[in-house]
S.K.: 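Pasting a structure here, questions to come.
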Amino acid sequence: MADKRDYYEVLGLQKGASDNDIKKAFRKMAMKYHPDKNPGDKEAEEKFKEINEAYAVLSDPEKKEKYDRFGHAGVDPNSGFGGGGAGGFGGFGGFEDIFDMFGGAFSGFGGGGRNRRNNGPRKGNDLQKAVTITFEEAAFGTKKEIRLNKYVKCKTCGGSGAAPGTSKKSCPKCGGTGEVRTAQRTPLGTFQSVSPCPDCNGTGEINETPCKDCGGSGKTRDSVTISVNIPAGVDNDSVIPIKGQGEPGVNGGPDGDLYIVINVEPHKMFERRGQDLWLEIPITFDQAALGDDIVVPTLEGKVSYKVPSGTQPGTVFRLKGKGIKSVRSNRKGDLYVKVNLEVPTKLNSKQKKAISAMAEKVTGDCYQKKSSFLDSLKEFFS
Ligand code: ZN
């Protein structure tokens, strides 16, 4: 073969071109020199091969790095096209595939992995479990026993999937690599394609004596009880991760994780806003007018609170530190108490008389807002 041209030059690019530029240039050039468009044109055919070879290297991050550093010597000249193994170009069966991908799957090109062996260690599936707790449990923390129905490592075979006393054999067809290579002859030369070994499904292993209890999968379904510490301060949709309590890992990979999602039951009296609590307490006219000690419930028990004389309806009092502890620190929220003035609805004649008597004594100028409103009213109609 004559001296190879620089791969960037082949695609009409400068060294250091971006992945996107490389992809675009390849697409343009491949369209132009495709043999279908240039029947019988030997030169176009050669060009087309050259373009593909350049792209096979420049679209593969590993090969591209080597090529950028060492030039053609960095990448095996014979493996540039077709011998790409798991990544790069090797995943495509032939020219049909190249043009299929123009149909829409173009962005997936060059990512490799299509024929990646699937016998490597993989993390087990993560699991999610919702847990409902009471308002108080959320505020103070609790310990919960959680029952889960999930896959666990098969106890009989220890997760290997092979019957006890036996082990999986290396697949003879692929020699344990999990992939097979086939050569395809085309008018443009011979291309190699790599695909998962059909005998072992790409695992590289054959299970001749599968474990009877798990059918060779290495895992069985089981009901498991897990003790979970729920910290004080959690709220609705808080998530507690528990490492390694998901499903078992595959091929020696780590076990998945379990995520506990908290659901808090509402409280009859308190409304939670972050770490603060809100509470409404009805008071009577005499309590509001004269002031009174009222009983305020908190999550830690009853406390007494002095409502001052002249308290207006809807006034909010703050009880510092009577809220909920932060899940991350020791800071505590506050308790806000809103007093609602309640007007009596069921009165007998004696009670009505008592109120009338009061009204005669407690006249307009005892009321600040009302007297200023009456002044405005007079002014308005004068
Ligand atoms: Zn088993």
Side-chain angles (χ1 to χ4, degrees), residues 62 84-87 90-91 93 108 111-133 142-182 192-231 237-263:
E62 227 170 86
R114 199 152 113 170
N115 288 329
R116 202 173 290 283
R117 286 158 50 170
N118 54 9
N119 56 354
R122 283 201 316 273
K123 191 186 170 189
N125 289 334
D126 291 336
L127 297 174
Q128 203 185 70
K129 173 89 179 168
V131 172
T132 300
I133 59 174
T142 183
K143 198 172 183 165
K144 286 268 160 187
E145 303 286 301
I146 287 159
R147 276 178 82 82
L148 266 183
N149 198 4
K150 64 165 187 170
Y151 278 112
V152 295
K153 209 173 259 178
C154 172
K155 288 177 186 77
T156 311
C157 63
S160 78
T166 72
S167 59
K168 291 181 183 173
K169 303 253 174 326
S170 181
C171 174
K173 187 174 175 83
C174 63
T177 61
E179 48 189 41
V180 286
R181 286 156 189 258
T182 43
Q192 243 185 73
S193 74
V194 184
S195 48
C197 173
D199 283 17
C200 63
N201 289 319
T203 62
E205 291 176 318
I206 301 273
N207 194 359
E208 284 179 330
T209 46
C211 166
K212 284 197 180 70
D213 286 349
C214 62
S217 68
K219 53 190 187 178
T220 54
R221 260 195 119 71
D222 202 1
S223 176
V224 189
T225 304
I226 295 160
S227 180
V228 179
N229 277 317
I230 296 172
D237 299 326
S238 290
V239 175
I240 301 167
I242 303 172
K243 249 190 126 42
Q245 289 289 2
E247 297 195 336
V250 180
N251 297 323
D255 291 347
D257 302 323
L258 171 65
Y259 293 93
I260 304 285
V261 182
I262 300 294
N263 179 33

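All values derive from a computational prediction rather than experimental measurement. Whatever order the structure lists ligands and atoms in, that order sets their numbers, starting from 1. All residue numbers in this chain count up from 1 along the given sequence. The basis for the numbers below is simple: all heavy atoms, side chains too, and nothing from hydrogens, waters or symmetry mates.
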S.K.: Would you please name every residue forming a side chain to side chain donor-acceptor pair (under 3.5 Å) with Lys173, sequence neighbours left out?
M.R.: none
S.K.: Is any side-chain heavy atom of Ser195 closer than 4.5 Å to one of Val180?
M.R.: yes
S.K.: When you check the space around the Zn ion (ligand 1), which protein N, O or S atoms turn up under 2.8 Å?
M.R.: Cys154 SG, Cys157 SG, Cys211 SG, Cys214 SG
S.K.: Would you find a donor on one side and an acceptor on the other, under 3.5 Å apart, between the side chain of Lys150 and the backbone of Gly246?
M.R.: yes
S.K.: Can you tell me how far apart CG (Asn201) and CD1 (Ile206) are? Round to the nearest 0.5 Å.
M.R.: 8.5 Å
S.K.: Asp257: which residues meet the side chain to side chain donor-acceptor pair (under 3.5 Å) condition with it, sequence neighbours left out?
M.R.: Lys123
S.K.: With salt bridge (Lys or Arg N to Asp or Glu O under 4.0 Å) as the rule and sequence neighbours excluded, what pairs involving residues 213-227 come up?
M.R.: Lys155-Asp222
